[in-house]
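So the structure is just underneath, and the comments pick up after that.
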Amino acid sequence: MTQTGVLRLAVVLAGLMGAAGVALAAASAHQADASRLASASSMLLFHATAVIGAALLTGHGIARRGLGLTATFGFIVGAALFAGDLTMRQYAGHGLFTMAAPTGGTLLILSWLVLAIAAAWPRRGA
């Protein structure tokens with residue numbers, strides 16, 4: 001798959017993350033004791049925009065390609081793990097797997113650091 005195709009996939013996934021984030025925000029507003037859903041919604045909405053930003057920075061060469069793509073997809077996987085675990089706990093009474101939310105949160109933190117490095121460490125001649 002070309003870099004453009006990979007970045008397009010990331011933006012499609014960001015759109016799905018955003019839609020899921022809004023749906024979870026609505027659910028949290030209408031259900032009793034749904035603070036987990038509010039947290040899941042926030043993680044998805046914040047990181048959907050981070051995915052779009054990281055994809056744009058990578059596509060325009062501002063972020064180093066390999067590191068930029070790593071951060072972009074780290075945001076996607078990390079937010080999915082974090083939000084998915086909280087949503088499963090709300091509706092199914094159990095999480096995705098042991099330590100899913102902390103693993104997702106750690107991946108999000110690392111992805112932010114990788115994005116910073118990707119922008120601070122430009123390509124040769126850039």
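- Leu107 is not connected to Phe75 by any chain of hydrophobic side-chain contacts under 4.5 Å among Ile, Leu, Val, Met, Phe, Trp and Tyr, and they are in different clusters.
- Here the closest heavy-atom approach between residue Asp85 and residue Gly95 is recorded as OD1-CA, 3.1 Å.
- Among all heavy-atom pairs drawn from Ser28 and Leu37, the shortest one is CB-CB, 3.7 Å.
- Across every non-hydrogen atom of Ser39 and Phe82, the tightest pair is O-CE2, 4.3 Å.
- Residues Val51 and Ala10 approach most closely at CG1-O, 3.3 Å, considering heavy atoms.
- The same ILVMFWY cluster, assembled from side-chain heavy atoms under 4.5 Å apart, contains both Leu16 and Leu86.
- In this structure, Ser41 contributes its side chain and Gly21 its backbone to a donor-acceptor pair below 3.5 Å.
- The neighbour count for Tyr91 OH, taken as heavy atoms of other residues, nucleotides or ligands under 6.0 Å away, is above 12.
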Where do Phe97 and Leu81 land on the side-chain contact (heavy atoms from CB on, under 4.5 Å) test, with the steps shown first? CA-CA 9 Å; Phe97 56 85; Leu81 285 174; 3.7 Å; yes
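- Follow the hydrophobic side-chain contacts under 4.5 Å out from Ile62 and you reach Leu7 in the same cluster.
- Thr58 places no side-chain N or O within donor-acceptor distance of the main-chain N or O of Ala55, the cut-off being under 3.5 Å.
- In this structure, Leu44 is not a member of the same hydrophobic cluster as Val11, with clusters built from ILVMFWY side-chain heavy atoms closer than 4.5 Å.
- Residues Ala79 and His47 approach most closely at CB-CB, 4.1 Å, considering heavy atoms.
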